[in-house]
Amino acid sequence: MEVFNTIFLAIFLLFASLANAKVHEHEFVVQATPVKRLCNTQMSITVNGQFPGPTLEINNGDTLVVKVINKARYNVTIHWHGVRQIRTGWADGPEFVTQCPIRPGESYTYRFTINGQEGTLWWHAHSSWLRATVYGALIIHPKEGDAYPFTKPKRETPILLGEWWDANPIDVVRQATQTGAAPNISDAYTINGQPGDLYKCSSKGTTIVPIDSGETNLIRVINAALNQPLFFTIANHKLTVVGADASYVKPFTTNVLMLGPGQTTDVLIQGDQPPSRYYIAGRAYQSAQNAAFDNTTTTAILEYKSSPCPAKGGANIRPIMPSLPAYNDTNTVTSFSKSFRSLRNVEVPNEIDEDLFFTIGLGLNNCPSNFNSNQCQGPNGTRFTSSMNNVSFVLPSNFSILQAHKLGVQGVFTTDFPTKPPVQFDYTGNVSRSLWQPIQGTKVTKLRFGSRVQVVLQDTSIVTPENHPIHLHGYDFYIVAEGFGNFDPKKDASKFNLVDPPMRNTVAVPVNGWAVIRFVADNPGVWIMHCHLDVHIGWGLATVFLVEDGEGLLESIEAPPEDLPLC
């Protein structure tokens, strides 16, 4: 009888939680919209005419159904960054990986359920450089009746850090593809779409974040910039970090955040300063030496409700400006990233089935004989490229990898991605020029369902070392260690945190260093892992994991939706 009662209770609780779960239906119309910034109007690609796009708010356990209608002149897809997409890989969004793009005039409906995730994620275009303007917040609240594991905030504010070109971003990347050179740097950074007071023609629209004395507020910071890791701070206010990439962390207090593109960080702030106006600021963390970068500063204003009203003379009160770290302050980045721990002890895979070692970094292709010098404007008449384990990733164009995998289509990809660098060398030292030119390929790594995976991500100093934000689709992973120099399994394994390492979907691999991640391959499908600096994706800094189906329906990817776009 007791067993029966237990089963009955379990079924009852399951139905109770399903009864609370909601289905949220949205329509995203992708279209060109006039957006005026820095004194000029650009015809920017937006969702529903909004820049940034709509914020989606749901609860853990809810289902999203988003019909994307493409009224722009470019192909488009939407990626739901950080969503696990358990068995719903067809809804993940990277073009030519899990789907063919949505052509102009066509539509596609993304359907997926959020399970066991709470916190701040985001969505963005995953096609060419469209995500420069096609992005928005995806906020996952706890299930109804559940609470945050921290003080309930009085108010919550999403802050999307963006990057703005006083040009069409698609033209910028196309020009770089033609010339082989690095693309033009951005002209501004933005907070919720606005550059802020330190740029021309921008003060009117500066983002205002309200606060009142005595309040505890939650700020959800998202780095949606295309190509730049960013420092973030608020003048005179401490930031208590409580979450990152929709995973809770042991709270710690800091004056400054660093977010690589793709990363999110949830912080609590206290209204404990004299009522006034305080600048919220973001600017570049630039780890690559001798590379041009946008060195401007974006600002918003944290405004106490009881501070003098701008209309009544308060506008003359210049907000208090915070100090920001130097652009190349790697020490601050290191101490910040080492502060992250999971809120509770976690089950990290101890036994490893797949021990992988991937070098990540830049490269230079020699000028092909059929190209002229205008097409080889990289250093010394070369073309920039990028690779993992010396393979520069090439997207297919006639099938998506997932379609080819499920339909058994040959010739779209191969399963021979190297598990370690083809040549061992001093990765962070002075690398022989003979190793600067990778091979091209659409190579994937096959993983058995349920296999326990460790990946060492090793930066190289080829062309220049750099902090690379590496994002894995379809999974969260534990960052068990990071360090500088060349990873040494003998001495560095002792540094592994296998008790409470942070769980992330994007890891900022240290400049001239390494990071070690672990996960269980329990989500069947085709999952791209790539650098979230979009300039590097285009150059080939990506690879794909093909996770095979397990046993039975619940360990297999769902059938493709009927409206899946065709190439």
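For reference, positions follow the sequence shown, starting with 1. All values below were derived from every heavy atom in this structure, side-chain atoms included, with hydrogens, water molecules and symmetry-related copies excluded. Please read these numbers as outputs of a predicted model, since none were measured by experiment.
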*Can you list every pair that meets ring pair (Phe, Tyr, Trp, His ring centres under 6.0 Å) and has a residue in residues 182-217, with sequence neighbours left out?*
none
*Rounded to the nearest 0.5 Å, how far does CG of Leu257 lie from CG of Leu230?*
11.0 Å
*Asp492: salt bridge (Lys or Arg N to Asp or Glu O under 4.0 Å) partners, not counting sequence neighbours*: Lys495
*Can you pull the salt bridge (Lys or Arg N to Asp or Glu O under 4.0 Å) pairs that have at least one residue in residues 33-55, sequence neighbours excluded?*
none
*Does the gap between the ring centers of Trp80 and Tyr110 come in under 6.0 Å?*
yes
_Which residues share a ring-ring contact (aromatic ring centres under 6.0 Å, His included) with Tyr248, sequence neighbours left out_ = none
*Going by the disulfide (SG to SG under 2.5 Å) test, which pairs reach into residues 184-266, not counting sequence neighbours?*
Cys39-Cys201
*Could you state the interatomic distance from CD1 (Ile470) to CZ (Phe477), rounded to the nearest 0.5 Å?*
9.0 Å
_I'd like to check the side-chain contact (heavy atoms from CB on, under 4.5 Å) partners of Lys338; sequence neighbours left out, ordered by chain and number._
Thr334
*Would you give the length of the straight line joining atom OG1 of Thr298 to atom CD1 of Ile280, rounded to the nearest 0.5 angstrom?*
10.0 Å
*Restricting to pairs with a member in residues 226-245, which pass salt bridge (Lys or Arg N to Asp or Glu O under 4.0 Å), not counting sequence neighbours?*
Asp245-Arg504
_Between Trp514 and Phe358, is the ring centroid distance below 6.0 Å?_
no
*Taking only residues two or more places apart in sequence, or in another chain, which ones meet Arg220 in a salt bridge (Lys or Arg N to Asp or Glu O under 4.0 Å)?*
Glu156, Asp266
_Partners passing salt bridge (Lys or Arg N to Asp or Glu O under 4.0 Å) against Glu144 (at least two apart in sequence or in another chain)_ = Lys22
*Thr151: what forms a side-chain contact (heavy atoms from CB on, under 4.5 Å) with it, not counting sequence neighbours?*
none
_Spacing of Thr264 atom OG1 and Asn505 atom CG [to the nearest 0.5 Å]_ = 7.0 Å
*Who pairs with Arg174 by salt bridge (Lys or Arg N to Asp or Glu O under 4.0 Å), at least two apart in sequence or on another chain?*
none
*asked:* Is it the case that the side chain of Gln286 and the backbone of Ala288 share a donor-acceptor pair, with hydrogens and angles ignored and the cut-off at 3.5 Å?
replied: yes
*Should the pair His471 and His530 be assigned to parallel (<30°), tilted (30 to 60°) or perpendicular (>60°) ring geometry?*
perpendicular
*ring-ring contact (aromatic ring centres under 6.0 Å, His included) with Phe150: which residues, sequence neighbours excluded?*
Tyr148
*Ring geometry between His124 and His81 (parallel below 30°, tilted from 30 to 60°, perpendicular above 60°)*: tilted
*Just say parallel, tilted or perpendicular for the rings of His532 and Trp122, cut-offs at 30° and 60°.*
tilted
